[in-house]
Amino acid sequence: MYIKNRVRELRTANKLTQEELASKVNVTRQTIAAIEKQDYAPSLLLGLLICRVFKVEMGELFWLGGENDDE
Amino acid sequence: MMTNRAGLMIALNFLALVCVGWFSTALYLGNESFAAFVFGETEEFFLSLPLTPLVVMLIIAVVSYFLLKKFSGRKVSFKATLLPPEFSEQDEREKEITARACRNAYVSLTYAVPAVIIILAFEPVFNRLIPASALWILLLIPIVQFSSYYFTIRKYAG
């Protein structure tokens with residue numbers, strides 16, 4: 001099981017660059033890139049901070065992915 | 001960026017350690033001469049310390065400070081100068097990768113230290129070829145530690 005997300009989709013919809021989003025949540029651009037590639041599962045705190053930037057609920061941005069998940 | 005920083009800083013760190021080895025070899029030879037003098041085997045002793053490794057170490061310290069400033073993108077605190085410069089902990093992901101790299105470096109030392117102790121048992125043989133060979137054999141420990149740290153960073157930071 002791993003955490004899937006819509007960070008890239010919402011970031012582009014909000015016309016933000018990776019650098020801009022990184023600066024809003026106080027992390028490096030590389031960390032945003034890693035989250036978007038699903039290479040890195042952010043902490044609960046960072047996840048909530050990203051949700052606050054996009055004004056969405058946690059479940060809309062992050063969800064569990066697994067072998068039986070076709071999403 | 002994290003991988004570049006680790007690679008560059010480790011290379012500088014290792015160069016500094018070679019300088020320590022160089023300086024300590026001269027100190028070791030001077031102490032051999034001093035021991036012979038103290039125990040009445042000779043009537044005088046010689047101690048000649050090279051200045052070059054000290055100058056190189058000073059240059060490395062200055063270069064490391066400016067690289068640290070460049071990589072962190074802000075003023076470097078006094079505490080940061082005391083930490084190994086290859087450490088990169090600007091956010092939670094970097095802290096996690098650094099923690100994994102430190103864990104692997106620790107595990108690698110569990111094997112490297114006994115191996116180096118066994119190699120040191122051959123010091124009398126190596127000493128015939130390289131003066132103060134024990135000091136250079138000890139450099140194997142940071143080689144293993146740095147390699148383990150660097151390859152872990154490269155694996156996880158890309």
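Chain letters run A, B, ... following the sequence lines, proteins first, then strands; residues in each count from 1. Worth knowing before you read on, the calculation uses all heavy atoms, side chains too, and leaves out hydrogens, waters and symmetry mates.
- Scanning all heavy atoms of the two residues, the minimum distance from B/D91 to A/T31 falls at OD2-OG1, 2.5 Å.
- A/Q30 contributes atom CD, which lies 6.5 Å from atom CZ of B/R93 (distance to the nearest 0.5 angstrom).
- Taken together through direct or relayed side-chain contacts under 4.5 Å among Ile, Leu, Val, Met, Phe, Trp and Tyr, B/Y156 and B/F151 form part of one hydrophobic cluster.
- Residue A/A22: no heavy atom, backbone or side chain, is found under 4.5 Å from chain B.
- Counted within 6.0 Å of CG on A/N26, heavy atoms from surrounding residues, nucleotides or ligands total 12 or fewer; the atom is thus considered open.
- Residue A/V53 is grouped with residue A/L49 when hydrophobic side chains (ILVMFWY) are merged at heavy-atom distances under 4.5 angstrom, including chains of intermediate members.
- Under the 4.5 Å side-chain heavy-atom criterion for ILVMFWY residues, a single connected hydrophobic cluster contains both B/I97 and B/F146.
- Side-chain atoms of A/S43 and B/E92 include a donor-acceptor pair closer than 3.5 Å.
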